[in-house]
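Scroll down for the structure; my scribbles are underneath it.
Owing to the predicted nature of the structure, the values given are computational and were not obtained by experimental measurement. Just the heavy atoms: all of them, side chains too, but no hydrogens, waters or symmetry mates, feed the values below. Chain letters run A, B, ... following the sequence lines, proteins first, then strands; residues in each count from 1.
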Amino acid sequence: MPRLLLAWAAFAVIMLLLPQVVSPGTLRIIIFANFLAIFAMSWDFISGKTGYISFGHPFLIGIGAYTSAILSYRFGVPVSLSIPLAVLATMIGGTLFFLPALRIKGTYFALVTLAFMELMYQLVQVIRPDLTGGTRGISGIKTILSGAVPNFYLSFGLMFAIALALWLLSRTRIGTALDAISMNEEAVSGSGLNTTRLKLFAFMVSALVAGLGGAFYAHYLGSIAPRALFDINFVFTIIVSALIGGSSTVIGPIIGAYFMTFLLEYLRPVLPGSERYLVYGLIALVLYVYQPKGIMELLRKLGVRAGGGRTGRAGNV
Amino acid sequence: MLQVLIQGFLLSGLYALIAVGFTLIFSVGRVLNLAYGAYLMIGGYAYFYMVQTLGMPKLPGFLFAIGMGALAGVLMYRILVKRLKGDQVAVEISTLILAVVIQAGIVLVFNDSSKILHPIVDGVWRIGSTTITNNILVAMVASWFILGGLLLFVKKTHVGRAMQAVSMDAKGARISGINTDRVNMMTWAISGALGAVAGVFFASYTQLNPSMWVAPLIIAVAVVIVGGIGSIVGTLIVAHIIGFMEIITTTFIAAELRGVFTMLLIIGVLVIRPQGLFGRGDL
Amino acid sequence: MRKSAARTGLAALTLSLSMSMSTLAFAADTVKIGFIGSFASDAGRSTLRGAEIAIEELNAAGGVLGGKTIQLVKADTGEDVTEGIKAYEYLAETEKVEFIVSGDVDDVSLGWLPRMVEYKIPTLDTWTSSITIIDKLVEDYDSYRMYFMNVASDEALATLYVDFGKDVLAGKMGWKKTVILQEDTAFGGAINGLVTGLLAPEAGIEVIDTIVYDPSTVDFSPIFSRAVDSGADFIYIISSVNSQVVSSQYVKQQVPLAMTGVNVAALGQEYWEDTGGSGGGISTLSPVPSVGFSLDPVSQAFADKYVAKYGSERPKYPHFNGFNAYFGVKQAFAAAEEAGGFGLDAWVPAMENQDLILEKDGQMWMRYGFWKPGEVEERTGRTYPHNLRFDITPPYDDGAPSMVVVQWYEDGSSKVVYPPKYANGEFQVPSWVKQ
Amino acid sequence: MSSLLVLDNVVKRFGGIVATNGLSFHVDRGESLALIGPNGAGKTTIFSLIMGEHRQNSGTIKLNGEEISNLPTHKRIQKGVARTYQVPRPFSEMDVAGNIRVGMMPDNLWQMITRGADPDGELAIARSVGFRDADLSRKPSELSMGDLRKLELARTLATRPEVMLLDEVFAGLTVGEIEQISHLLAEKRKQGLTYIIVSHDLRALEPLVDRAVAMTFGKAIAEGSFSDVMDDEAVRSAYLGQ
């Protein structure tokens, strides 16, 4: 435990020194990676941990982003208030997400969440476009900080705090119990635990993270649009980040998010046109099919080989 | 009223056609093929390329589209699904990624702009203010024929019965000497071919564009969820529920709420009756 | 595992360092400008190529700002809002461009707009026509002053349509009632609001029903049935998303009612090819210059050059934003020459003063100029800072009209049918519509 | 001795099939009971009903005099019942210690977060079912069938049940493993654990129980000491008739 904490601290120190060495352009990429990492961690807390696969995670992120954006842009609510309210709204949305999970799981649950996202996409445009900005969304949302370096620190601080909190949480017995749900839900209730309450807890944590991430994301971007948020390509990026990194770990989604973001960005100078998305998708596909457990597993295997067959415990990080 | 009836039947026929290939994979392979919409796209673009770019006659164009769809199905099965060995989540996610890849591929080859297919059959006729194009009529009739043919195929032929057996109990089928791998591959090929046919009709209704795979996928998902997996007849019934609901919403309530009701129906059915309206039967 | 993660991090660091080094190498004798837009769409490509031709000409004529060569950096948005923001950041921070020309749809422009305000990079939009952006300049000129839009904003277009309604639809065709078919988008809502408010008082055309539809509608037959049953004389369509679907289903179903309005898909020469010829009889409002529009000699020279260079690849003929990008980039550099660079305090007023008048047959044909802040347009009584200087008062001697009405005939040709000054064809209804 | 678990006139139908048909029996504190009967007699259904995995159509199930029929599974476990399954279902990616940890957890989110695991307690339970200390870090995939049964017993015991329902604990085990488990159960019985056990292995069963209930077609047909039940006419014919 202390050794791993040290590793976290080292990670933080390296990242905090980063603006000294890399260009603002790179920092901007990292900012997006940080937000993607937050979303992927949020996804993973429901889907990786409890095994309830969500195909509609942008539903939660979108509630967070839209609530804070509407409150601050339309009603002049200060960001310090609009973000907590957005998180609250997202958690209420998370309860909606949770209702189907009481009765269905697996594929059907995934499809309901997809339907939730689609519904949200349509409703945002139809209901009160004077508030949501309809199809065009809202532009000119108040930003919290400006400039690459401050925003890097903000996004990294947020991401790091969430990651550390989730990591600490997953090391408690509740983390063990949630992992157990993904393996065998009946046996968890057969161990005298209220799985409904545990799942609700996981959904609330996930919604909290999604709401927090979504709200800060909106205030970082300065603009939101339904087409960018409630989009199957966004779902794709979140899920693939979590899986390619390594599901049901905390570090995994972070690695995955960084990998996916940098991959797409570093393809830009080489392939400026639409070939970029093709190559990007193909790499994701091949990596996923080759190693569904993700980069964490690859690293673990490498570590095992290098360490002469010692069984690594990287899986618990 | 007559108008709603006519338009309802026409649209529902198309929806049934779209959903049936998806149902097939879901009930036989027990996996959700999120790249199903891509078959429609591949079929539509293949037909467009042959007929409207190269100027070939319609029939070879149609056959080419079917072939491409079947090929896509087989490749998907061989390269992805088989490798993932029935891990449902892995198949869902990898087919989702694949759909995004195919979309990027289509953008690359055909560019981003929407394309319109000529009607496969020309001509219109009119009942009151209702216009019926022969094209849509043919799509509906074709849909009925294909669904009927599929039903016969599944019930009467050897391969069809093998598919049925696999859909009920894959392990049992394997023990009783059925080559489940081949049956699965056949199913993927047929599903791909059906998707391509649906794609040509769907595109001749609407348009071709690189993100066209999402809408039919959602229709297929809605039909399968509301109906419950399996049953070809169930697919037909639910396609009509959804088709008529859309027409009624558009005509009497508000045209912009078209999709909202479909989504609410999916969520409602899944939460209240997770097994679907017609249960989770076999093929 | 820790070690290897650190190693990957290090590799990423060196890679990004080497990238920023390479960008420095050029700095001395080049001016870097950026293109942001969708590479896969016809309109996006038109913009890019328009800008490329302008740059080629400027470089060939001895360079800019004391003999520097212009270098163009391209960033694809894929018509995705988030990718648009990343692309803008890439141009601004990794490539450090001095000026950006954009060719993309409304929500993508609205997406990167806050980045523009932050980086303060002069930006010219050639496609987006969203009045909401111009409104931001009205409200907060100082923050947004680096923004220019050289296409008439959507609000201006509605006004021209009302004139068309009065002169042609009511005047010539004798139509008195219309049903509006509006797609459920912000664009649709904006146009509908303006047109509905003006049609009855100004053109004497009554709006008897409005049908708002979902742009992803598969089957339009119930919608057309409702329109036909409404008893209107014609359908007024407002469609910017998936517009081909509406018009091709209209043609395929041979809806027995004339249809005119805004159909964005019909703005490019590829419309005929893409609809496989099933797009005849459609008329639409179009920005200037458009399909069927007869060009002045300067614009024609550009179009010829474009066709010679790119004529084998889609789009074979520039869309309106191709012209806008060509002239806009030239104007941006002309302003930069005057201002001694792209510093906002000098460049913005210089750009505001740019005024390119293109003449045909001895009279003003097209005009690339901008409304100045505070300058009131007479007819609407409001200001349009940094929007293309459009003219919505006939006989349009003070500039180009905001838009023209374009007609696609059933034989695949297209002409401008309104306003009379620019018209080279007649407004027609499809052959299956009984008069 | 008070009756710990009492089933009274329990009826359960699945569609048209009657799985238990007015079944009544009880088990006293400290007692051990065998539930025997041919395949399809409804033994496993009884366990499911007691655990709340299915709900009976009529009849009552009382634990310590309290009706538990309307409680969800986890509440019933908190009241003191627990079961093992015919096919062991461990948490596949957790080691032995982790599996036991889940069983030991209190059903209280706050305590689950704030209080850490109890490795000594886990070790004690693991040892009590015969695991060696080194086994604690092994994964289920590395365990033999006998060890999986032990793991299931350990996880179940970790919930500190008053009465345990043991479903086919000997199925799929080698002779040596059967002996081991029998020994273990005998030990637990001595310590005062109450259990109901279902098994086809009647020989292994006999020394482990105080009393037996024989059932067929969802009904109890005989009750009494193990040997009396086995000698019963009806029981013989039910078994032979099969």
Side-chain angles (χ1 to χ4, degrees), chain A residues 47 51-53 55-56 96 99-123 125-127 182 227 231-233 235-237 239-240 242-244 247 271 273-290 292-293, chain B residues 26 30-32 34 37 79-80 83-84 87-109 111-112 210-211 213-215 217-218 221-222 224-225 229 254 256-276 280:
Chain A
S47 304
Y52 281 77
I53 303 291
F55 275 167
L96 269 181
L99 290 177
L102 290 174
R103 303 190 50 131
I104 47 177
K105 50 178 67 172
T107 299
Y108 300 101
F109 177 74
L111 291 175
V112 166
T113 58
L114 185 66
F116 266 121
M117 183 185 81
E118 277 296 315
L119 184 67
M120 193 69 173
Y121 175 64
Q122 307 211 356
L123 286 181
Q125 299 176 50
V126 176
I127 298 206
S182 73
R227 211 160 55 90
D231 179 36
I232 206 147
N233 279 303
V235 177
F236 154 85
T237 319
I239 297 184
V240 170
L243 293 175
I244 275 197
S247 194
L271 299 169
S274 30
E275 302 89 349
R276 194 159 65 107
Y277 301 100
L278 184 72
V279 173
Y280 168 71
L282 273 176
I283 291 177
L285 185 65
V286 169
L287 250 175
Y288 179 68
V289 175
Y290 174 67
K293 287 193 174 165
Chain B
F26 203 12
R30 295 285 149 156
V31 291
L32 204 66
L34 293 183
I79 296 173
L80 282 186
R83 189 187 287 268
L84 297 170
D87 179 347
Q88 291 187 349
V89 172
V91 171
E92 281 155 27
I93 287 161
S94 58
T95 49
L96 176 69
I97 306 177
L98 184 66
V100 175
V101 170
I102 293 177
Q103 176 179 354
I106 294 276
V107 171
L108 204 59
V109 180
N111 114 345
D112 214 5
S211 50
W213 60 277
V214 181
L217 178 68
I218 286 169
V221 163
V224 169
I225 286 191
I229 29 166
E256 73 263 36
L257 293 178
R258 193 188 58 89
V260 172
F261 280 89
T262 313
M263 289 306 135
L264 286 176
L265 184 73
I266 297 186
I267 294 170
V269 167
L270 269 182
V271 174
I272 293 159
R273 228 186 114 78
Q275 70 275 37
R280 297 261 172 267

Examine whether an atom of [X] lies under 4.5 Å from a heavy atom of chain A, and if so say whether it belongs to the side chain, the backbone or both; otherwise answer neither.
X: Leu32(B); value: side chain
X: Val260(B); value: both
X: Ile218(B); value: side chain

For the student: nearest non-hydrogen atoms of [X] and [Y], plus distance:
X: Ala115(A); Y: Ile266(B); result: CB-CG2, 4.0 Å
X: Leu278(A); Y: Gly105(B); result: CD1-N, 3.4 Å
X: Gly281(A); Y: Val101(B); result: C-CG2, 3.3 Å

Given that the side chain runs from C-beta out, which part of [X] has a heavy atom under 4.5 Å from chain B: side chain, backbone, both or neither?
X: Phe55(A); answer: side chain
X: Leu243(A); answer: side chain
X: Tyr288(A); answer: side chain

Can you tell me how far the [atom1] atom of [X] sits from the [atom2] atom of [Y], to the nearest 0.5 Å?
X: Thr113(A); Y: Ile267(B); atom1: OG1; atom2: CD1; result: 9.5 Å
X: Leu264(B); Y: Leu123(A); atom1: CG; atom2: CG; result: 7.5 Å
X: Leu96(B); Y: Ile239(A); atom1: CG; atom2: CD1; result: 6.0 Å

